[in-house]
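Note sheet for the following structure.
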Amino acid sequence: MFPWNEIDTVLLDMDGTLLDLHFDNHFWLNLVPQELSRQRDIDTEEAIKLVEAAYEKVFGTLEWYCLDYWQNELQLDILNLHKTLVDRIQLRQDSMPFLKALGAQNKSRILVTNAHPNSLALKLEHTDLALGLDQMLSSHETGYPKEHPHFWQHLFMQFSLDPSRCLFIDDSEVILQASRDAGVGHQLGITNPDSQKPHKVFSDFPAIGDYHLLLDDLLAK
């Protein structure tokens, strides 16, 4: 699928790409409205409408991904709520075999995530993800989400990357396009970010639902 001899670095999203997105979807779409309903003594449907309106207001911005922002906006202890669901934080079953194969082929493995540093730390604490990575960058360290071209400029400079020799893997077609616009040479979508939901369809990028499909070509190089 890819000319692996032309790829030095694999840039990897976290939630939905290396970790099962079910944790985040359940947290933001179920637990947060339930907690808002309980604390404000309103019915669940009203709480869901309030939360959806708040989400829509900042979708695609750095605030959308910021735990501090949501703590202030919703007046909920977002980080401690995260901690009540740590049993749902799970690596995709195909992630570590793929990351280990990349390491065996001397490919640099860099996590590039919009996750807030506190969320990232919690997920690293409850998985073995760090064992399969060489470097990490949260968009909050750059001041821009991955949707923004300045994020990519910062990334390339920080790690001295040749973007044309990078592969970027993400479950968002919008963010894959942002990486292409920034000069990243290769993109790959993930069709099954949430193990509890139907597969997604990608229009403009190659996409897979299992990293094992890449291993034969990768390990043959």
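A donor-acceptor distance shorter than 3.5 angstrom exists from the side chain of S37 to the backbone of I42, with no hydrogens or angles considered. With T191 contributing its side chain and K200 its backbone, the two residues share no donor-acceptor pair below 3.5 Å. Looking only at distances, no side-chain donor or acceptor of T127 sits under 3.5 Å from a matching main-chain atom of Q90. A donor-acceptor pair under 3.5 Å is formed between the side chain of N114 and the backbone N or O of K146.
Closest non-hydrogen pair, D94 versus D210, comes out as OD2-CA, 3.2 Å. Annotation for R180 and D204: closest pair NH2-O, 3.5 Å, computed over non-hydrogen atoms. Between Q196 and H22, the shortest heavy-atom distance links the atoms CG-ND1, 3.2 Å. The two atoms that bring D15 and D171 nearest to each other are O-OD1, 3.2 Å, heavy atoms only. For V184 against C166, the heavy-atom pair with the smallest separation is CG1-O, 3.6 Å. Smallest separation of non-hydrogen atoms from P206 and F2: CG-CZ, 4.4 Å.
Within the structure, salt bridge (Lys or Arg N to Asp or Glu O under 4.0 Å) contacts touching residues 126-140 (residues at least two apart or in different chains) are R109-D134.
Between the CG atom of L219 and the CG atom of L102 there is a distance of 9.0 Å, given to the nearest 0.5 Å. Taken from CG in L91 to CE in M14, the straight-line distance is 10.5 Å, to the nearest 0.5 Å. Summarising the geometry, atom CG belonging to L67 is positioned 11.0 Å from atom CG belonging to N72; distances are rounded to the nearest 0.5 Å. Here the CD atom belonging to Q153 is positioned 9.0 Å from the OH atom belonging to Y144, to the nearest 0.5 angstrom. A distance of 10.0 Å separates CZ in R38 from CG in L31, rounded to the nearest 0.5 Å.
None of L129, L12, L124 except one satisfies the side chain to side chain contact (heavy atoms under 4.5 Å, CB included) rule with M136; the exception is L124.
Y211 and F98 have parallel rings, their planes meeting at less than 30° on a 0 to 90° scale where 60° marks the start of perpendicular.
Between K123 and D24 there is a salt bridge, since at least one side-chain N of the basic residue sits less than 4.0 Å from a carboxylate O of the acidic one.
Taking F151 as the reference, nothing meets the ring pair (Phe, Tyr, Trp, His ring centres under 6.0 Å) condition, with sequence neighbours excluded.
In terms of hydrophobic clustering, with Ile, Leu, Val, Met, Phe, Trp and Tyr side chains grouped at heavy-atom distances under 4.5 Å, L62 and L111 are assigned to different clusters.
Taking the six-membered ring wherever Trp is involved, the centroid distance between the rings of F27 and H82 falls below 6.0 Å.
Heavy-atom contacts from other residues, nucleotides or ligands closer than 6.0 Å to CD of Q158 number more than 12.
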